[in-house]
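Since the structure comes first, as structure tokens, the remarks are kept for the end.
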Number of protein chains: 2
Amino acid sequence: MDPHLLRTFVAVAEAGSFSAAAERLGYTQSAVSQQIAALETDLGLRLLRRRPVEPTEAGARLLEHAGPLLLRLRAARADVLRTAALPAHRLTLAAAPLALNPVLSARLARGRAEQPRLRVRLRTTGRDVVAAQVAAGEADLGLTDGITAPSDPLRLPDAGPMTRVGVSEEELVVALPPGHPLAGRTGLRLADLVDARWLATPLCPLERLRDLVGDGFRAGLDYQGEDVHTVRNLVAAGHGLTLLPASAGAGVPLAAPRLVHRVELLHPSLPPGPAARLAAALSPPPS
Amino acid sequence: MDPHLLRTFVAVAEAGSFSAAAERLGYTQSAVSQQIAALETDLGLRLLRRRPVEPTEAGARLLEHAGPLLLRLRAARADVLRTAALPAHRLTLAAAPLALNPVLSARLARGRAEQPRLRVRLRTTGRDVVAAQVAAGEADLGLTDGITAPSDPLRLPDAGPMTRVGVSEEELVVALPPGHPLAGRTGLRLADLVDARWLATPLCPLERLRDLVGDGFRAGLDYQGEDVHTVRNLVAAGHGLTLLPASAGAGVPLAAPRLVHRVELLHPSLPPGPAARLAAALSPPPS
DNA sequence: GCGGGTCCATCAGAGATGCTTATATCAGGT
DNA sequence: ACCTGATATAAGCATCTCTGATGGACCCGC
């Protein structure tokens, strides 16, 4: 279970081919073949069916573990190396599309004003990639978002010890196409919308809704991206309803159940320095 | 960052000595020295101060990562191997001391009655060891417990993908020494007890209470064990108050905030078989 | 201050690992 | 059957990683 072997196993499974994986990894096909063989004899069972190359049941199980494992390994390395790094004057902030809402944009502006010499690079990435990037040291700070009950933490993929602070919670609205019969309401209950057609999006997955309210929520279009503009266009075109934070556009406030759009700030344990000051600036002012 | 090296690094840090770690691992002292040197040159910084042997800051950081990492590695291996294992007629259930309350004991009895030929081995372990044992395959099913808001999941150390099902939630009581002025009440609010002296126990850590209610909760005795009988004796002797599930003994019901003693069933993804049937028996009957 | 004991670092060599190159083997299509 | 595209195996070589021996730093009692 050498991580090295794990890495090539993942590559082979993804590529669907020993030779392709070998090329991607800079090995010969023979080396890859031997590495997979080594893994298989170590575990005593087949991980891949050949021709075509696809994971066996055991292999599928291993694949589930391998990703997080390799991520944590990179995270550990990054975290250790960070202790030696000098406080930089340039830092990277990774944010999910809906995470940098007006409130946080304003706080970010204030934070930058406090440290004029600090160069900030902002990067928008997928919601669940943020944690991975912070863990792996590819970003110094991260902002992710999601839908939860008030003051509940987000469910995030685990990428090692990391500080998580809720920095913003905002009302949700139901995004409806213009002219929708319910568009004039002043508030909607989720339970009243179980029979509607819903977009499946990463922000607002249908299983989450079903968990909260019960069965229903017919699936409309399944949208895999995270682009808010696109989502709103899809809603307008009648592909289905979805939930959005109030600041992301018009809609009817969600009255029940009590859910919020929550943004969390993610970062490794920070030594005092520019990064820590910016993190403080992004956090809600102490009441 | 070979796990092999990580393992010896942890061993050295724990043993506080290269030679002692070497003996424990079955290596020579020389090998251990070389392994640590390899890790240090790989990362480009010192992980241990020598004479006496103690982790540097970077080393301490690495130590935090190493444990969970190695655990997940073992978990992955165990999980993969499990796909090949035949359904056994003997399985091990790991339970925290307070997890197997009357309700669950009864469900366990019913489950065993359903499968008379199934031999069940029950093991009581520390609350956070349960997850590790299940992940590492040392137990087939696990029951942990903790204090949360109703229907909130427990905060558990992450040990890889694992199914978690809430199987029981029970009212909490404040355990008081006999003759305590508040002992006659019919209900107590946590906020009214911020100034009392509290036991610090793994089930009811004071930081958790402070998170929920605010500062206060003076620390009495710090009890590291998990033995309920001992805890009750400590309370009776006036070392401090604590929260217990109602079924664990007399006390005054906790009226606010709304908290429960929650028990969760942990298990890897189970193929249909005796283990899955027992897991079903332990889960609450569908309403 | 000196000698012995303890502990970690270093060195040299034996054996195991893990790569590459070359070749064998296999499955499927024609 | 034969060719093609693919994985498996074999042999050779470089590297890695142990062991055992030795060296150097520190602590302690005398």
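Throughout, protein chains are lettered first and strands after them, A, B, ... in sequence-line order, and every chain is numbered starting at 1.
- Protein chain A contacts DNA chain C from C:dC19 to C:dA27, reading 5' to 3' and using non-hydrogen atoms of the protein with a distance under 4.0 Å.
- No contact: B:V32 has no heavy atom under 4.0 Å from any strand.
- Among pairs with a residue in residues 18-56 of chain A, those fulfilling ring-ring contact (aromatic ring centres under 6.0 Å, His included) read A:H4-A:Y27, at least two apart in sequence or across chains.
- Going from atom OG1 of B:T242 over to atom CG of B:L209 covers 8.0 Å, rounded to the nearest 0.5 Å.
- Listed by residue number, B:H4 are the residues of residues 1-22 of chain B with a heavy-atom contact under 4.0 Å to DNA chain D.
- By the ring pair (Phe, Tyr, Trp, His ring centres under 6.0 Å) test, A:F9 pairs with no residue at all, sequence neighbours left out.
- For residues 19-30 of chain B, every residue pair satisfying the salt bridge (charged side-chain N to carboxylate O under 4.0 Å, His left out) rule, not counting sequence neighbours, is listed here: B:E14-B:R24.
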All N/O donor-acceptor pairs, side-chain side in residues 64-74 of chain B, below 3.5 Å, sequence neighbours left out:
{"unit_1": "B:H65", "atom_1": "NE2", "unit_2": "A:D79", "atom_2": "OD2", "d": "2.7"}
{"unit_1": "B:R72", "atom_1": "NH1", "unit_2": "B:D158", "atom_2": "OD2", "d": "2.6"}

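- Listed by chain and residue number, A:Q34 satisfy the side chain to side chain donor-acceptor pair (under 3.5 Å) test with A:S30 (two or more places apart in sequence, or in another chain).
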Tabulate atom names and distances for all N/O pairs under 3.5 angstrom spanning the protein and nucleotides 20-29 of chain D.
{"unit_1": "D:dG20", "atom_1": "O6", "unit_2": "B:S30", "atom_2": "OG", "d": "2.6"}

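- Residues passing the side-chain contact (heavy atoms from CB on, under 4.5 Å) test with A:R90 are A:R119, A:R121, sequence neighbours excluded.
- Residues meeting the side-chain contact (heavy atoms from CB on, under 4.5 Å) test with A:A131, sequence neighbours left out: A:L266.
- Residues that satisfy the ring pair (Phe, Tyr, Trp, His ring centres under 6.0 Å) test with B:H89, not counting sequence neighbours, are absent from this structure.
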Only distances under 3.5 Å count here; give the side-chain donor-acceptor pairs of residues 37-44 of chain B to other protein atoms, sequence neighbours excluded, each with its distance to 0.1 Å.
{"unit_1": "B:E40", "atom_1": "OE1", "unit_2": "B:R50", "atom_2": "NH2", "d": "2.5"}
{"unit_1": "B:E40", "atom_1": "OE2", "unit_2": "B:L47", "atom_2": "N", "d": "2.9"}
{"unit_1": "B:E40", "atom_1": "OE2", "unit_2": "B:L48", "atom_2": "N", "d": "3.3"}
{"unit_1": "B:E40", "atom_1": "OE2", "unit_2": "B:R50", "atom_2": "NH2", "d": "2.6"}
{"unit_1": "B:T41", "atom_1": "OG1", "unit_2": "B:A37", "atom_2": "O", "d": "3.1"}
{"unit_1": "B:T41", "atom_1": "OG1", "unit_2": "B:A38", "atom_2": "O", "d": "3.0"}
{"unit_1": "B:D42", "atom_1": "OD1", "unit_2": "A:R77", "atom_2": "NH2", "d": "2.9"}
{"unit_1": "B:D42", "atom_1": "OD2", "unit_2": "A:R77", "atom_2": "NH2", "d": "2.7"}
{"unit_1": "B:D42", "atom_1": "OD2", "unit_2": "B:M1", "atom_2": "N", "d": "3.1"}

